[in-house]
Number of protein chains: 2
Amino acid sequence: MKRSMPTTANRPARLDIEQMRLITKVARLHYIHGERQAEIAEKMGVSQASVSRFLTLAQEYEIVRTIVVPPEGLYPDLEEGLEEAYGLDSAYVVDISAHEEGVAQILGVAAARCLSSEFKGGPVLGVTSWSTTLREMAKAMEPRSGTGIKKVVEMLGDLGSPLLQHEAALATLQIAKALDAEAVFLRTPGVMPNPELLKVALGDVHIQTALRLLGEVDIAFVGVGPADFHGPLEEGDNFFSAEQLAAVRAAGAVGQLHQRFINAQGLPVDTELDKLVVSITLEQLRHVRRKIAVAGGAAKYTALAAALAGKWIDVLVTDVNTANFLMKHASRGT
Amino acid sequence: MKRSMPTTANRPARLDIEQMRLITKVARLHYIHGERQAEIAEKMGVSQASVSRFLTLAQEYEIVRTIVVPPEGLYPDLEEGLEEAYGLDSAYVVDISAHEEGVAQILGVAAARCLSSEFKGGPVLGVTSWSTTLREMAKAMEPRSGTGIKKVVEMLGDLGSPLLQHEAALATLQIAKALDAEAVFLRTPGVMPNPELLKVALGDVHIQTALRLLGEVDIAFVGVGPADFHGPLEEGDNFFSAEQLAAVRAAGAVGQLHQRFINAQGLPVDTELDKLVVSITLEQLRHVRRKIAVAGGAAKYTALAAALAGKWIDVLVTDVNTANFLMKHASRGT
DNA sequence: ACATAAAATGAATTATTATGCAAGTTTGAA
DNA sequence: TTCAAACTTGCATAATAATTCATTTTATGT
């Protein structure tokens with residue numbers, strides 16, 4: 001637990017399965033059973049130095065992950081205020097003290113923790129794995145069973161670079177694995193260049209299966225964002241053009257849920273663009289019992305306010321600053 | 001990261017909010033940014049000791065969590081569970097994606113790899129080479145020296161077709177060679193039609209040598225199977241008749257070790273059939289220091305459970321499905 | 001305000017973990 | 001096969017973290 005800490009994701013080549021077994025075993029003995037390296041070394045017939053090295057490897061391979069979760073209840077006033085103001089089931093506000101590089105990371109981790117209690121309620125969980133926050137959450141999720149969740153389905157097609165798509169798939173899988181559920185992918189571009197291509201995509205059996213499942217989602221991780229480029233997205237990445245985005249904004253859109261646009265009151269903004277998107281529809285989303293949003297950061301202020309106004313969110317995990325903004329907004333608006 | 005590890009869910013009373021923030025900050029600095037306790041101490045104007053204490057608190061309050069995520073295809077939790085539930089020295093669970101057919105092959109290969117560390121402890125190794133699993137293991141074994149094993153002795157006479165007998169002999173030889181030891185064969189039918197023939201067989205000098213050695217076996221590859229025809233065996237192949245098998249089952253037998261029958265509790269089922277078998281006796285087996293079983297597949301579920309209940313196994317190599325069955329069985333039974 | 005118990009703190013000490021280095025192994029090329 | 005480069009491994013030791021204990025601070029009852 002020392003200098004190697006920055007754990008910058010080295011990408012060490014794949015390793016022998018036996019090696020993996022060994023590393024995992026050592027990691028469990030140390031981190032779960034709390035045995036000292038010396039004990040483990042003796043038990044396994046190697047030197048303490050080797051055990052130390054195994055543990056380092058375990059970090060590099062992300063077999064062990066250390067996460068820091070801001071405790072909940074740090075901002076009871078804000079949390080209660082949000083719940084009250086927007087009729088939420090619950091709100092979690094996390095401390096994001098210094099302008100940390102990644103709001104997403106912290107929120108993701110916080111979400112993983114907060115939501116253990118929220119993960120009950122139905123057999124189908126919807127996710128949007130391309131969101132950074134969600135991917136961080138996936139990494140930080142602890143394997144847990146007995147949640148009653150049977151399927152984890154992606155609610156939005158691919159956006160962004162192919163690399164991102166791969167990571168998204170991985171995240172979906174991780175979540176599914178952690179919940180001991182089946183992963184259902186939506187491996188198709190999330191935004192099509194024209195309606196015809198969307199029709200083609202809908203011909204695929206897997207796509208159909210996934211889309212059908214979107215009508216039965218019980219719990220959803222709602223993806224909230226501005227009606228604009230944001231995060232890792234750029235023009236051309238399976239995404240809208242600058243003109244298209246300008247057009248929907250002109251039509252009143254201030255944000256979107258899975259690329260379905262909404263105005264400041266949270267009402268759907270119907271445009272042609274809607275026919276280009278492969279994702280859960282607002283209609284379908286309305287029927288989801290528990291809609292969870294994990295989002296924060298200045299870029300999302302307005303979109304979040306709109307989503308909340310439209311009652312698209314039941315559970316919110318966000319950071320202090322965003323929470324403050326939302327509270328001000330609520331008092332002004334009401 | 002030391003003695004407090006067992007993380008016995010202390011339930012320390014709620015703590016000051018400011019305190020919580022402090023702890024979280026320290027935890028982040030340490031675990032995410034990788035700063036040493038001394039650095040943090042200086043930065044925050046407290047002693048290193050205090051930082052250490054903060055981190056301990058962070059553990060207790062579960063503000064930091066360390067999770068161990070086993071790589072795909074590894075089941076350390078099942079392994080530990082089995083060891084715990086059945087008092088095993090060690091358990092190896094291998095991933096056997098779908099294809100139930102090749103259980104033997106996969107297990108055999110896995111066993112050859114896993115058991116390199118288990119091959120120590122005494123000069124006499126007992127095997128039952130007619131088992132498919134064991135033959136696969138033999139094929140996959142890599143030469144290794146310095147195991148201390150001097151003799152490899154067959155613990156059960158021939159079963160099955162002559163072709164099978166040949167393969168069995170070959171397997172025994174391969175294992176002996178790989179361990180740089182002497183092979184001791186038991187080339188006689190494993191199940192005699194009547195007690196007299198068994199007496200005749202015992203007249204043979206080689207047989208006598210082998211049988212004498214069975215009293216000195218230090219490590220044994222226990223052969224576990226159902227009290228029935230199984231694998232490549234059919235009526236007439238140096239084997240019991242359907243009636244005989246029905247009879248022992250009626251007497252309570254649910255499985256057998258080298259054709260010595262046991263009931264669901266793992267206790268010997270004494271019958272006349274015992275006098276027809278040329279193999280290590282349960283009495284002798286009881287004195288074997290290290291009893292290794294490599295077995296899996298639905299056909300052996302019950303027999304394995306019985307063998308484990310009777311403490312006939314010290315080391316188990318099996319597949320995920322069987323492991324899961326055994327865990328369920330254990331929790332139900334206890 | 002005073003005394004006393006409890007909690008917090010840091011210096012020094014002890015325990016644990018990480019790592020430089022040399023010796024032993026494996027791998028690969030000739 | 002033979003040699004050398006690339007890896008591994010364990011030992012000794014440096015680096016880091018936990019704990020003890022004496023001291024100070026805080027809380028609480030009188």
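In what follows, chains carry the letters A, B, and so on, assigned in the order in which the sequence lines appear, proteins first and then strands, with residues in each chain numbered from 1. Any value given below was found using the heavy atoms of this structure, including those in side chains, with hydrogens, waters and symmetry copies removed.
- Looking at residues two or more places apart in sequence or on another chain, you find a side-chain contact (heavy atoms from CB on, under 4.5 Å) between Glu182(B) and Lys151(B), Val184(B).
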Quiz prompt | Derivation and outcome, side-chain contact (heavy atoms from CB on, under 4.5 Å), residues Leu57(B) and Ile63(B) | solution = CA-CA 8 Å; Leu57(B) 282 179; Ile63(B) 288 172; over 6 Å; no
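- Defining each end axis of the helix from dA1(C)-dT30(D) to dA30(C)-dT1(D) as the rotation carrying four pairs' C1' atoms onto the next four, with five pairs an end, the two axes are found to diverge by 30° to 10 degrees.
- With salt bridges taken as basic N to acidic carboxylate O contacts below 4.0 Å, one links Lys43(A) and Glu35(A).
- Across the protein-nucleic acid pair, Arg36(B) atom CZ and dA14(D) atom P stand 17 Å apart, rounded to whole Å.
- As rounded to whole Å, 12 Å separates atom C1' of dT16(D) from atom CG of Leu55(B).
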Quiz item: How does each nucleotide of nucleotides 22-28 of chain C score, in 5' to 3' order, for protein heavy atoms under 4.0 Å: base (B), sugar-phosphate only (S), or none (-)?
Solution: -------
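- Legend: residues meeting ring pair (Phe, Tyr, Trp, His ring centres under 6.0 Å) with Tyr75(A), ordered by chain and number and at least two apart, are absent.
- dA11(C) atom P lies 15 Å from atom CD of Gln37(B), rounded to whole Å.
- Residues Thr128(B) and Ser131(B) bring no donor and acceptor atom of their side chains to less than 3.5 Å of each other.
- Between Arg135(B) and Ala171(B) the shortest heavy-atom distance is CG-CB, 3.8 Å.
- In this structure, Gln59(B) atom CD and dT19(D) atom P are separated by 12 Å, rounded to whole Å.
- If you check the side chains of His287(B) and Glu216(B), you find no donor sitting under 3.5 Å from an acceptor.
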Quiz item: What do the steps show when you test Glu167(A) against Trp130(A) for side-chain contact (heavy atoms from CB on, under 4.5 Å), and what is the final call?
Solution: CA-CA 8 Å; Glu167(A) 300 224 340; Trp130(A) 74 265; over 6 Å; no
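- Across all their heavy atoms, Arg65(A) and Lys139(A) have their closest contact at NH1-O, 2.7 Å.
- Each of Thr172(A), Ile175(A), Val294(A) was scored for a side chain to side chain contact (heavy atoms under 4.5 Å, CB included) with Leu134(A), with one residue passing: Ile175(A).
- Contact annotation for Ser50(A): backbone-only contact, meaning every heavy-atom pair under 4.0 Å involves sugar-phosphate atoms and none involves a base.
- Across residues 40-49 of chain B, Gln48(B), Ala49(B) each have a non-hydrogen atom less than 4.0 Å from an atom of DNA chain D (numbered order).
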Name the pairs: protein N/O against N/O of nucleotides 21-24 of chain D, kept only if under 3.5 Å.
none

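- A salt bridge is absent between Arg290(B) and Asp218(B): the closest approach of a Lys/Arg side-chain nitrogen to an acidic carboxylate oxygen does not fall below 4.0 angstrom.
- Heavy atoms from other residues, nucleotides or ligands lying under 6.0 Å from NZ of Lys177(A) number more than 12.
- Glu154(B) places no side-chain N or O within 3.5 Å of a backbone atom of Val127(B) that could act as its donor or acceptor partner.
- In this structure, Phe54(B) atom CZ and dA8(C) atom P are separated by 10 Å, rounded to whole Å.
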